[in-house]
Participant: 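The structure is given below, and queries will be raised subsequently.
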Amino acid sequence: MKWREILRVAAEAIWKNSVRSVLTMLGVIIGVAAVIVMVAVSAGTEATIQEEITSLGTNLLFVQSSFARGGLGSNPNQGLVFDDAIAIAEQVKGVAGVVVEQNATANVKANGTTLENITILGTTPDFPSVRDIEVAEGRYFNQLELDRKQKVVVLGSSLAEELFGDANPVGEVITVGNVKMTVIGVLAPKGLVGEVDYDARLYMPITVVFQKFTPSNLAKLRGDRVRLIYVEVAPDADPEEVITQIELLLAKRHDVSLDSADFTITTQQDIIATQEATTAAFRSLLAWVAGVSLIVGGIGIMNIMLVSVTERTREIGIRQAIGAMPEDIQMQFLVEALLLSTAGGIIGIALGVGGAYIFGSISDMRTVIVPESIALAFGSAAVVGAFFGYYPATKAAQLDPIEALRYE
Amino acid sequence: MSTPIIETHDLKQVYGTGDAAVHALDGVSITVERGEFVAIMGPSGSGKSTLMNILGCLARPTSGTYYLDGEDVSGLDRRQLAAIRNRKLGFIFQAYNLLPRTSAVRNVILPLIYDRTKHLSMQEMEARAREMLTLVGLEDRLDHQPHELSGGQQQRVAIARALVNDPVLIIADEPTGNLDSKSSLEIMNLLKTLHERGRTIVMVTHDEETAAYAERIIHLRDGKVERIVHNEKTKARVAA
């Protein structure tokens with residue numbers, strides 16, 4: 001039997017029962033559309049996160065305190081201190097910059113406006129270059145100001161606008177907590193990086209933060225404790241080698257073995273890998289949802305194909321009497337099931353792509369259409385059609401021609 | 001003498017087993033020569049439908065042999081029987097059995113579509129179908145669907161379908177059973193014409209008037225051949 005004829009008969013059978021066919025396809029349509037939209041949302045989220053990670057700056061190492069035994073402060077000899085950062089900057093080869101962050105919050109008064117609970121970020125002079133942030137007005141503070149604990153401040157862009165509007169704040173004096181400080185610069189807008197709004201912050205020498213905002217008795221023993229040290233690896237240096245040097249240096253300074261170190265070093269790749277693991281978990285969840293919805297769609301197709309076989313028993317009998325082979329009958333119904341599922345797949349893809357596009361443009365979520373998801377969705381729809389069409393088609397092929405002809 | 005179209009020996013068809021066994025056919029041996037028009041008659045339960053199904057290669061006998069056009073078909077499997085039906089047989093049913101919502105040409109084409117030996121193009125098939133429909137007098141109804149045709153016209157489409165593959169045997173199962181007397185007359189005259197042109201026809205009927213068109217009438221009772229009647233009147237008509 002000719003393929004064109006098989007296709008024509010299958011298409012006619014579907015067309016003659018158009019309402020029922022569409023309802024049958026609905027399962028596959030919804031399954032496929034859902035997969036494409038969800039993959040698009042997940043890919044969009046992933047892309048956003050990747051960009052954020054990259055925008056943290058390139059070739060960054062994150063040195064963090066980790067407390068193997070007890071908690072923070074249980075042992076004054078454990079954890080990173082400010083001097084560790086200085087040691088890294090001075091003694092480790094292949095380091096382009098070191099930034100230390102210490103956070104605090106305070107109310108900020110300027111120009112007759114008071115803003116409450118503004119995040120203060122105590123940093124070091126390398127901060128703009130290490131974190132890829134531009135200075136829009138004035139300048140960032142320098143090493144001298146850091147060493148002398150001078151009361152200078154750099155404003156995030158939105159904070160500057162809230163306090164001073166369009167006026168240039170450089171040279172103005174503002175009150176942070178109860179400390180009067182001079183504005184020496186404004187940063188260019190950076191936007192949200194992860195959950196952090198860099199534009200709404202206040203930047204000052206970390207030494208000033210230690211002294212005025214987070215004073216500690218422990219500091220008198222070992223120096224000021226810090227949670228996180230960013231190390232920018234020089235472009236021509238091997239990050240692994242830099243990590244090894246930092247590990248040895250800090251282990252010596254803290255008098256610990258590497259096995260029981262009170263710090264951990266994470267690379268940007270580690271963070272990306274963690275992110276990818278999360279995304280992979282999300283993706284496999286999607287795959288399950290997709291699989292289940294496609295199976296439900298397939299059962300719908302099988303159900304309606306069984307109905308169709310019963311309804312067309314007499315037609316099957318006629319075709320058999322006239323000389324159709326069992327495989328002719330089987331192929332006929334298999335092609336019909338395949339046509340139903342792939343047509344459902346195509347409609348689902350159209351709705352999914354359209355839906356992802358609309359979803360991406362009306363909501364804050366970013367969506368990225370993944371071509372593989374389209375191919376996969378279509379392929380799955382076809383496989384579902386073949387799989388769930390097989391049983392009804394085989395059942396049709398095995399009908400006895402005499403019984404089938406007698407069927408009313 | 002050429003090979004008979006149908007030659008059966010001691011055909012038996014048994015349904016069920018043991019005491020419940022029903023002998024639908026209990027040793028039927030018949031012969032139909034090439035070009036004959038034979039009617040099979042008998043009351044219900046006589047086994048004529050069973051015999052029809054076996055002669056039509058729709059069922060296999062429990063025992064006995066059946067030579068169709070010189071070939072033993074009693075031991076063939078489903079696929080082989082399908083191929084035999086396709087190439088050697090043409091069916092005419094009481095209920096016409098046309099595909100619904102399918103044009104006359106498409107219905108007539110059907111046997112050619114399932115033919116694995118001929119490899120005709122779609123154009124050739126359609127031309128052949130139109131030829132057959134013209135032969136049965138439906139040249140102006142080619143694209144009509146069954147529900148747009150009268151019973152007699154539908155049966156003529158079915159006859160065109162039975163002829164399209166040039167079968168060695170036409171099997172007609174109560175061909176006028178659903179028709180009024182005028183249409184019945186038309187259909188029987190058409191079958192008579194086919195017979196006169198050399199077609200071999202076996203027809204099952206319970207109607208004496210219809211059976212009168214046949215040259216020979218095989219009467220079945222209780223699964224056995226009761227008697228065979230030669231119809232001199234028909235022969236005379238054919239001769240004339």
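Numbers restart at 1 for each chain; the letters A, B, ... are given by sequence-line order, proteins then strands. These numbers come from a predicted model, not from an experiment. Atom set for the values below is all heavy atoms of this structure, side chains included, hydrogens, waters and symmetry mates excluded.
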Participant: For chain A, which candidate among B/Arg101, B/Met122, B/Arg161, B/Arg87 shows the most heavy-atom pairs at distances under 4.5 Å?
Facilitator: B/Arg101
Participant: Looking at every heavy atom in both A/Ala321 and B/Leu58, which two are closest together, and how far apart are they?
Facilitator: CA-CD2, 4.0 Å
Participant: In terms of heavy-atom contacts, does CG of B/Asp207 have more than 12 from other residues, nucleotides or ligands at under 6.0 Å?
Facilitator: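 Atom CG in B/Asp207 is packed in, count exceeds 12.
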Participant: I need the A/Asp328 CG to B/Tyr114 OH distance, nearest 0.5 Å.
Facilitator: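 So the gap between those two atoms works out to 6.0 Å.
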Participant: In terms of heavy-atom proximity below 4.5 Å to chain A, should B/Met52 be classed as side chain, backbone, both, or neither?
Facilitator: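 Neither the backbone nor the side chain of B/Met52 comes within 4.5 Å of chain A.
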Participant: Taking CZ in B/Arg78 as the centre, count heavy atoms belonging to other residues, nucleotides or ligands within less than 6.0 Å. Is the count above 12?
Facilitator: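 Above 12, so yes.
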Participant: If every non-hydrogen atom of B/Leu110 is compared with every non-hydrogen atom of A/Ile322, which pair is closest and at what distance?
Facilitator: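 That closest heavy-atom pairing would be C-CG2, 4.0 Å.
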Participant: With a 4.5 angstrom heavy-atom cut-off, which part of B/Leu120 approaches chain A: side chain, backbone, both or neither?
Facilitator: backbone
Participant: Measure the spacing between CD1 of A/Ile402 and CD1 of B/Ile54 and express it to the nearest 0.5 Å.
Facilitator: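 If I round to the nearest 0.5 Å, the distance is 8.0 Å.
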Participant: Using non-hydrogen atoms only, which part of A/Ala397 is less than 4.5 Å away from chain B: side chain, backbone, both, or neither?
Facilitator: backbone
Participant: So which of A/Gln320, A/Arg8, A/Glu12 has the largest heavy-atom pair count under 4.5 angstrom toward chain B?
Facilitator: A/Arg8
Participant: Taking only heavy atoms into account, what residues of residues 298-316 of chain A are found under 4.5 Å from chain B?
Facilitator: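 Listed by number: A/Arg314, A/Glu315.
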Participant: B/Leu98 versus chain A, heavy atoms under 4.5 Å apart: side chain, backbone, both or neither?
Facilitator: backbone
Participant: Over all heavy atoms of both residues, which pair between B/Pro100 and A/Lys16 is shortest? Give the atoms and the distance, please.
Facilitator: O-NZ, 4.2 Å
Participant: So, taking the atom named CG in B/Asn86 and the one named CE in A/Met325, what distance separates them when rounded to the nearest 0.5 Å?
Facilitator: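 It comes to 7.5 Å.
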Participant: Where is the tightest heavy-atom contact between A/Ala324 and B/Ala82, given as atom of each residue plus distance?
Facilitator: O-CB, 3.8 Å
